[in-house]
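A short write-up of the structure that comes next.
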Amino acid sequence: MFYYVFRTVVLVPLLRWLFRPRVEGLEHVPHEGAAIIAGNHLSFCDSFLMPVMIKRRVTFLCKKEYFTGRGLKGRLTAAFFRANGQIPVDRSGEGAGRAAVEEGLRVLGRRELLGIYPEGTRSHDGRLYKGKVGVAAMAIRSGAPVIPCAMIGTFESQPIGRRLPRLMPITIRFGKPLDFSRYAGMEEQREVLRAATDEIMYALLKLSEQEYVDRYAAEAKAEQQTPILARQPR
């Protein structure tokens, strides 16, 4: 109840007024039944802007750090994500990926919309990075379609490190659903998962028109930070 009241009275009017979002392809999002919305991830505000443009509730798998922040901002962020039913996921450890898949499957099992960022983290430079195969595993095991969603303009509005977003037009572009039923029963085959994930990332590439990098975003980000850390005095 809180979600729909907060969304209708506060979020939708506020975000529409601030960002003037242009939404394309909304007809591709099903009105009922399980589906995965797989998006590129350019900004913290992605998780607010995209869901409020959809009439149905979207549950995201969120990094647990959003629920453990300190200070007023941390408490407000945690309260918002909890109130909206978002699920904290521990991204560390060997079993992190499998745990995230199981959480996602529970959402899909309730015939809900699941939001996920296949890149695993925000892009630090605005480019599109290689997708992780968890999204494919969930799609194949659940039979749910994958709707690619491209956020355009959010990186320029609020890149990593910027506390408050710049007020500028944003485009949210949904693509045609991707069906992976041809891979039913093959979710344990690494080659199948990679092929399905690459198909999702290619759809995002076409929608977003970003430059593509065939590397994981976390690896590229860490490599960029290493020279800076190395130069610091000990």
Side-chain angles (χ1 to χ4, degrees), residues 23-42 46-47 50-51 53-63 85-87 89 91 95-121 123 127-152 172-210 212-218:
V23 183
E24 301 175 1
L26 191 58
E27 67 275 9
H28 297 309
V29 180
H31 296 295
E32 60 182 18
I36 300 170
I37 299 180
N40 59 338
H41 198 13
L42 297 168
D46 292 339
S47 299
M50 185 269 278
M53 297 301 119
I54 300 174
K55 291 184 178 180
R56 296 179 63 190
R57 180 173 184 158
V58 182
T59 298
F60 274 90
L61 300 181
C62 303
K63 61 180 181 180
Q86 309 309 299
I87 302 173
V89 174
R91 299 189 300 179
R98 188 170 295 275
V101 168
E102 295 302 326
E103 289 286 359
L105 288 172
R106 278 190 274 274
V107 175
L108 296 170
R110 297 194 295 267
R111 298 180 56 79
E112 298 175 2
L113 292 179
L114 174 69
I116 188 170
Y117 300 117
E119 293 168 276
T121 186
S123 172
R127 297 187 292 177
L128 183 69
Y129 283 84
K130 185 177 182 178
K132 296 189 176 182
V133 300
V135 61
M138 285 185 275
I140 295 171
R141 286 180 59 181
S142 67
V146 177
I147 294 90
C149 174
M151 305 296 296
I152 301 169
I172 305 170
R173 187 175 292 157
F174 295 94
K176 295 180 180 179
L178 303 175
D179 178 15
F180 296 104
S181 59
R182 64 189 183 277
Y183 294 134
M186 304 169 68
E187 62 270 13
E188 296 298 328
Q189 297 184 31
R190 184 72 183 184
E191 295 81 3
V192 168
L193 294 178
R194 185 73 264 161
T197 303
D198 288 346
E199 184 176 337
I200 294 168
M201 301 311 294
Y202 182 65
L204 284 175
L205 178 65
K206 291 195 295 183
L207 287 173
S208 68
E209 300 181 349
Q210 292 171 264
Y212 180 73
V213 182
D214 193 27
R215 298 183 61 195
Y216 292 117

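In what follows, every heavy atom counts, from backbone to side chain, and hydrogens, waters and symmetry copies are set aside. All residue numbers refer to positions in the sequence shown, counting from 1.
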Set of salt bridge (Lys or Arg N to Asp or Glu O under 4.0 Å) partners for R111, sequence neighbours left out | none
Residues in salt bridge (Lys or Arg N to Asp or Glu O under 4.0 Å) with R127, at least two apart?
-> D125, E211
Which heavy atom of [X] sits nearest a heavy atom of [Y], and at what distance?
X    : Y    : result
V58  : L114 : CG1-C, 4.3 Å
E187 : L193 : O-CD1, 3.3 Å
Q210 : L42  : NE2-CD2, 3.4 Å

Which pairs count as side-chain hydrogen bond (donor to acceptor under 3.5 Å, both in side chains) when at least one residue sits in residues 131-141, sequence neighbours excluded?
-> E102-R141
Between atom [atom1] of [X] and atom [atom2] of [Y], what is the distance when rounded to the nearest 0.5 Å?
X    : Y    : atom1 : atom2 : answer
T59  : I116 : OG1   : CD1   : 12.5 Å
L113 : R57  : CG    : CZ    : 11.0 Å
I37  : F174 : CD1   : CZ    : 5.5 Å
L128 : M201 : CG    : CE    : 4.0 Å

E191 with R194: basic N within carboxylate O range, under 4.0 Å = no
With a 6.0 Å cut-off on ring centres, are F60 and Y117 close enough?
-> yes
Within-4.5 Å side-chain heavy-atom neighbours: I172 and C149 | yes
